[in-house]
Protein chains: 2
Amino acid sequence: MTDKKQGKIRVKSQEKILDAALDEFITHGYKGATVQSIADIAGLPKANVLYYFKNKENIYHAVLEQTLDMWDQGIGDIIYEDGPKRAIEKFVTSKVRMSFDHPKSSKIYAMEIIQGAQHLKEFARTYLRQWVREKAKVFQQWINEGRMANVDPVSLIFLIWSSTQHYADFETQILTIMNRADYEEEDAEHVIQFLTDFILRGLAIDE
Amino acid sequence: MTDKKQGKIRVKSQEKILDAALDEFITHGYKGATVQSIADIAGLPKANVLYYFKNKENIYHAVLEQTLDMWDQGIGDIIYEDGPKRAIEKFVTSKVRMSFDHPKSSKIYAMEIIQGAQHLKEFARTYLRQWVREKAKVFQQWINEGRMANVDPVSLIFLIWSSTQHYADFETQILTIMNRADYEEEDAEHVIQFLTDFILRGLAIDE
DNA sequence: AAACTACCTGTGCATTTGGTCAGGTAATAG
DNA sequence: CTATTACCTGACCAAATGCACAGGTAGTTT
């Protein structure tokens with residue numbers, strides 16, 4: 001009861017602000033986003049937004065942090081013990097699900113990278129690079145054991161990333177081409193099916 | 001000689017402005033870009049920029065148009081007569097080359113789509129949709145003739161788009177991960193090799 | 001050389017922006 | 001009930017922005 005009642009409003013307001021900011025930053029980029037607009041979307045006075053977050057950059061950092069957390073959390077790992085078939089299935093599935101369930105996260109991330117990754121240089125240099133190296137090693141092991149085709153593991157990782165994230169980042173284009181207003185449940189399943197089949201075949205994995 | 005000497009300065013200046021604008025729009029988005037900054041990059045006074053292009057939106061439209069022209073021009077077609085193998089090879093090759101040679105074009109295009117395609121809705125609705133339908137039909141024919149695996153042609157097109165454009169849009173991330181400053185000649189060739197091999201295998205095309 | 005057109009740009013201005021701040025109210029603790 | 005803290009916000013401001021415009025210069029045509 002005494003828990004932390006004090007922070008209740010704080011948490012609620014911050015959530016509203018971050019949600020609003022996510023939309024604003026996606027549609028207008030960092031420089032184009034305005035605190036006033038974020039405040040309007042959140043339904044709060046600008047001064048209140050700046051009461052919780054010292055300045056615009058602060059808001060942006062908070063949004064990015066939230067996004068990276070989600071990335072971290074939602075990404076199925078690639079572990080040796082699973083073997084190539086199961087690992088690919090798990091990874092592709094979780095990436096596609098992420099794209100359909102949280103397209104906004106994928107979008108700001110993509111914008112950040114396209115614009116030069118000013119705010120993510122460090123993340124990419126340390127965390128990401130490490131991650132790719134580790135997973136590439138796992139793929140290489142499977143290749144050495146003759147359990148999958150001999151392809152460049154790093155290129156393979158890029159292919160999986162791009163083909164799965166595409167459904168989040170290019171959502172607008174895909175929907176327009178398919179003449180639809182929104183994704184539906186079955187769409188994600190269809191994409192998962194297509195991509196896993198395709199990639200497994202591309203890697204000559206039957207098992 | 002009398003050709004059109006009058007327009008010489010005009011053309012030169014406009015080129016400088018559009019080049020500058022491309023950079024500015026990529027790094028700051030439409031709203032975040034400023035005419036002053038474009039002028040600075042182009043090495044011209046702001047008033048001169050606005051002499052050639054009425055206003056900011058005008059500049060942006062010109063940049064987008066230029067980009068779409070390049071897209072149109074640089075994209076190898078997918079034609080039935082080539083057969084699946086040759087067609088995939090040609091298409092993937094030209095898409096990858098575009099990504100490595102003109103990453104900026106791919107980038108503003110990507111930004112536009114991510115931000116909701118406000119300025120490209122019409123293009124996507126008419127031109128793109130048509131293009132995808134036509135090409136999907138060609139793939140379907142090959143499938144019916146048993147010349148490639150029975151996959152959803154539209155998903156296939158998305159996979160090729162995403163996996164090739166990735167090298168342009170996510171250039172920064174890829175370079176950082178590979179701990180490199182720039183792409184080199186051989187990189188494009190390596191990617192072309194990897195993707196064509198992989199996709200042909202994924203489509204069960206040997207021939 | 002006169003007339004005409006393309007090219008150029010400093011100055012000005014209304015508007016928008018990020019951010020401060022003083023002066024509050026509500027909630028909680030002692 | 002009092003003191004302390006968390007929460008809230010209208011009003012303000014300096015800086016930046018998109019853009020109009022007037023008053024030019026350079027080049028071309030006749």
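By convention in this document, chain letters (A, B, ...) are assigned in the order of the sequence lines, proteins followed by strands, and residues within each chain are numbered from 1.
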Task: side chain to side chain donor-acceptor pair (under 3.5 Å) partners for B:Ser106, two or more places apart - done: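 Scan of B:Ser106 (side chain to side chain donor-acceptor pair (under 3.5 Å), adjacent residues dropped) gives B:Asp169.
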By side chain to side chain contact (heavy atoms under 4.5 Å, CB included), which residues pair with [X], not counting sequence neighbours?
X: A:Gln73; value: none
X: B:Asn58; value: B:Phe53, B:Lys54, B:Asn55
X: A:Lys135; value: A:Asp77, A:Ile78, A:Trp131, A:Ile157

Rounded to whole angstroms, how far apart are [atom1] on [X] and [atom2] on [N]?
X: B:Ile38; N: D:dT17; atom1: CD1; atom2: C1'; answer: 12 Å
X: B:Gln14; N: C:dC8; atom1: CD; atom2: P; answer: 11 Å
X: A:Asn48; N: C:dG18; atom1: CG; atom2: C1'; answer: 16 Å
X: B:Asp40; N: C:dT9; atom1: CG; atom2: C1'; answer: 14 Å
X: A:Tyr52; N: D:dA6; atom1: OH; atom2: C1'; answer: 8 Å
X: B:Tyr51; N: C:dT5; atom1: OH; atom2: P; answer: 13 Å
X: B:Ile17; N: D:dC19; atom1: CD1; atom2: C1'; answer: 15 Å
X: A:Leu50; N: D:dC8; atom1: CG; atom2: C1'; answer: 13 Å

TODO: Report the residues that fulfil salt bridge (charged side-chain N to carboxylate O under 4.0 Å, His left out) with B:Arg201, sequence neighbours left out, ordered by chain and then residue number.
DONE: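 For B:Arg201, no residue satisfies salt bridge (charged side-chain N to carboxylate O under 4.0 Å, His left out) once neighbours in sequence are set aside.
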Enumerate the protein-to-nucleotides 11-17 of chain C contacts in which both atoms are nitrogen or oxygen and the separation is below 3.5 Å.
none

- [ ] Heavy atoms only: give me the nearest A:Phe194-B:Asp152 pair and the separation to one decimal.
- [x]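 In this case the closest contact between A:Phe194 and B:Asp152 is CE1-O, 4.0 Å.
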Open item on the list: OP1 or OP2 of C:dG18 versus the side-chain N and O atoms of A:Asn55: is any pair under 4.0 Å?
Closed with: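 No, A:Asn55 has no side-chain N/O under 4.0 Å of OP1/OP2 on C:dG18.
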